[in-house]
Amino acid sequence: MTIILGLEGTAWNLSAALVSEEKEIYETESTYKPLYGGIHPREAAQHHASELKGVVSRALGGAEKEGVSLRNIDAVAFSQGPGMGPCLRTVATAARALSLSLKIPLIGVNHCIAHIEIGRWRCGTKDPVVLYISGANSQVLAYRTGKYRILGETLDIGIGNALDKFARYLGLSHPGGPKIEELASKGTEYVHMPYVVKGMDLSFSGLSTAAKDAINLHHHKKEDICYSFQETAFSMLTEVTERAMAHLCKDEMLLAGGVGANKRLQQMLKTMCHDREARFYVPENKYLKDNGAMIAYLGLLMLKSGNTTPIDKSVVKPNYRPDEVEVTWREEEQN
Ligand code: ATP
Ligand code: FE2
């Protein structure tokens, strides 16, 4: 049995987990909550620095109760990027120290691909079109000839950040997505919002502005604007996902990233997949949002395919794109 310790801390959530081929052995986390406004990278990094020791000790202690001791750990994996520079550096430093002191390999993983691989693992989907939507990212991807190709993406901000920004305007605390979902469920009237899809790319920044104006200048009810915001943004995401599935003739789709927890979005994607006789997959919420298990699991796949990271190549990559990664752990698809 191979066991990996994974550390995640690209943004607001610091998490450590131990994973084997069969299961998640133990996971624990500590979440940074801004007192007001959005996530401040330096404050989040300070949070991670002060919580790291506790989080890692809890993970190791929890694993011990499952019969896994320090010497059973085969490698330590960490999020090398993308993410906030100060947060990435804090976690990478801890991962390097653990790798050196335990004398086990270090594995720098791409956070976006970790979201995808944990979803494939938990859902058992083989070769899906992936809609990866989180705070900072909004991408449609699929695997082809050794890489996850980005077929479409946001041209400005991620859908999660657009939702969070609008939520802050409404005076709601971070993260705003779930609060907007709640308000949207009470909306009844659709108010026109900018629908911006260019080929398979998207834009969300105009939506936040239009939503603010609809409340500020046109005095619409906030429930109706949350509803209209969601209907518009989620239709855009569903449209580009469907286009990718049609172009690539794929009959599976996988949802990844924190925004994927939204039930209305899940419903739209499910309907789209049903209409094209495709299968829709979504993992449990704990594997949609940032989590240490996904980092450990991708670390496991990488270790088993001989893909580790020497210390001198372990510098963090705040803008690390998924299509930069050579996928060493997947077989070529026969099509
Ligand atoms: P990444 O580094 O991949 O961009 P992240 O740091 O943004 O990840 P995630 O946990 O993947 O972290 O996603 C967080 C985002 O998900 C936040 O913007 C939050 O508002 C949003 N979110 C969470 N739950 C919901 C929901 N039910 N509806 C809409 N958005 C949601
Ligand atoms: Fe994430």
Side-chain angles (χ1 to χ4, degrees), residues 6-15 29 31-34 37-41 44-45 47-48 78-88 91 109-119 130-139 141 148 150 153-154 157-170 172-185 204 207-208 226-227 229-234 237 255-269 282-295 297-298 316-322:
L7 301 182
E8 158 59 30
T10 50
W12 57 284
N13 198 24
L14 176 70
S15 170
E29 59 186 27
T31 307
Y32 158 72
K33 293 191 186 74
I39 301 172
H40 190 292
H47 163 270
H48 294 357
F78 71 102
S79 276
Q80 199 167 1
M84 296 176 172
C87 298
L88 291 171
V91 176
V109 316
N110 179 288
H111 175 98
C112 314
I113 296 186
H115 273 292
I116 299 174
E117 292 300 353
I118 192 109
V130 181
L131 177 62
Y132 162 46
I133 40 174
S134 59
N137 295 290
S138 301
Q139 293 175 335
L141 309 104
Y148 278 100
I150 302 170
E153 63 187 319
T154 179
I157 56 175
I159 173 64
N161 283 354
L163 287 165
D164 293 340
K165 215 163 114 185
F166 179 53
R168 273 205 298 283
Y169 172 79
L170 294 177
L172 305 168
S173 63
H174 188 86
K179 290 151 201 151
I180 301 252
E181 178 174 20
E182 172 69 32
L183 285 169
S185 69
F204 296 111
L207 254 178
S208 305
C226 290
Y227 166 71
F229 191 123
Q230 281 201 170
E231 292 301 299
T232 310
F234 296 169
L237 290 165
L255 194 48
V259 183
N262 190 290
K263 291 286 177 245
R264 174 62 183 140
L265 174 64
Q266 290 186 7
Q267 189 185 43
M268 279 192 193
L269 292 166
V282 57
E284 297 162 58
N285 281 355
K286 67 179 267 201
Y287 296 117
L288 280 169
K289 71 178 183 68
D290 290 354
N291 64 91
M294 69 183 193
I295 305 303
Y297 180 67
L298 178 50
V316 300
K317 302 177 181 178
N319 300 314
Y320 200 6
R321 286 172 63 79

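Below, all heavy atoms of this structure are taken into account, side chains as well, without hydrogens, waters or symmetry copies. Since the structure is predicted, the reported quantities are computational estimates derived from the model, not experimental observations. In listed order, ligands and their atoms are each counted from 1.
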> Where is the nearest protein heavy atom to atom 30 (N) of ligand 1: which residue, which atom, and how far?
Replying inline: G177 CA, 3.4 Å
> Side chains of I133 and L265: does their closest heavy-atom pair fall under 4.5 Å?
Replying inline: yes
> Of the backbone atoms (N, CA, C, O) and the side-chain heavy atoms from C-beta on, which set of D164 has a member under 4.0 Å from an atom of ligand 1: side chain, backbone, both, or neither?
Replying inline: side chain
>> Would the distance check show the side chain of D290 and the main-chain N or O of N13 forming a donor-acceptor pair, the cut-off being under 3.5 Å?
In response: no
> Would E29 and K286 pass as an ion pair if we require N to O under 4.0 Å?
Replying inline: no
>> If you define the side chain from C-beta out and look only at heavy atoms, does anything of N319 sit under 4.5 Å from P82?
In response: no
> Does some non-hydrogen atom of K263 fall short of 4.0 Å from ligand 1?
Replying inline: no
> Looking just at side-chain N and O atoms, do S79 and E8 make a donor-acceptor pair shorter than 3.5 Å?
Replying inline: yes
>> Less than 4.5 Å apart, side chain to side chain, heavy atoms only: is that true for E284 and Y287?
In response: yes
> Does ligand 1 have an atom that lies less than 4.0 angstrom from a heavy atom of G83?
Replying inline: no
>> Suppose I only count heavy atoms of P175 and a 4.0 Å limit; which atoms of ligand 1 are within that range?
In response: 19 (C), 20 (O)
> Heavy atoms only: which of L163, V259, N161 is nearest to atom 21 (C) of ligand 1?
Replying inline: V259
> If you leave out waters, which protein N, O or S atoms are less than 2.8 Å from the Fe ion (ligand 2)?
Replying inline: H111 NE2, H115 NE2, D290 OD1
> Under 4.0 Å from ligand 1, counting heavy atoms only, is it the side chain of H111, its backbone, both or neither?
Replying inline: side chain
> In terms of ring plane angle, is the pair H111 and H115 parallel, tilted or perpendicular, where the classes change at 30° and 60°?
Replying inline: perpendicular
>> Taking 4.0 angstrom as the limit and counting only heavy atoms of E181, give me the atoms of ligand 1 inside it, by number and element.
In response: 26 (C), 27 (N), 28 (N)
>> Do C226 and L170 make a side-chain contact, defined as non-hydrogen atoms from C-beta onward lying under 4.5 Å apart?
In response: yes
> Less than 4.5 Å apart, any side-chain heavy atom of M84 and any of W12?
Replying inline: no
> What protein heavy atom sits nearest atom 8 (O) of ligand 1, and how far away is it?
Replying inline: D290 OD1, 3.3 Å
> Nearest to atom 28 (N) of ligand 1, what protein heavy atom do you find, and at what distance?
Replying inline: N262 ND2, 3.1 Å
> Which atoms of ligand 1 have any heavy atom of K289 under 4.0 Å away?
Replying inline: 10 (O)
> Which protein heavy atom lies closest to atom 3 (O) of ligand 1, and at what distance to 0.1 Å?
Replying inline: Y132 OH, 2.4 Å
> Does some side-chain heavy atom of T154 sit less than 4.5 Å from a side-chain heavy atom of I159?
Replying inline: no
>> Among all the protein's non-hydrogen atoms, which is closest to atom 4 (O) of ligand 1, and how far away is it?
In response: S134 OG, 2.6 Å
> Taking only residues two or more places apart in sequence, or in another chain, which ones meet A162 in a side-chain contact (heavy atoms from CB on, under 4.5 Å)?
Replying inline: I157, F204, S208, F229
>> Using a 4.0 Å cut-off to any heavy atom of N137, which atoms of ligand 1 qualify?
In response: 1 (P), 3 (O), 4 (O)
> Among protein heavy atoms, which sits nearest to atom 22 (N) of ligand 1, and what does the distance come to when rounded to 0.1 Å?
Replying inline: G258 O, 3.6 Å
> Which protein heavy atom lies closest to atom 7 (O) of ligand 1, and at what distance to 0.1 Å?
Replying inline: G135 N, 2.6 Å
>> Suppose I only count heavy atoms of A11 and a 4.0 Å limit; which atoms of ligand 1 are within that range?
In response: 6 (O)
>> Show me which atoms of ligand 1 lie under 4.0 Å from any heavy atom of G160.
In response: 18 (O)
> Considering only heavy atoms of H115, which atoms of ligand 1 have at least one such atom less than 4.0 Å away?
Replying inline: 3 (O), 11 (O)
> Any idea which atoms of ligand 1 are less than 4.0 Å away from a heavy-atom of A136?
Replying inline: 4 (O), 7 (O)
> With a 4.5 Å heavy-atom cut-off, do E182 and K179 have their side chains touching?
Replying inline: no
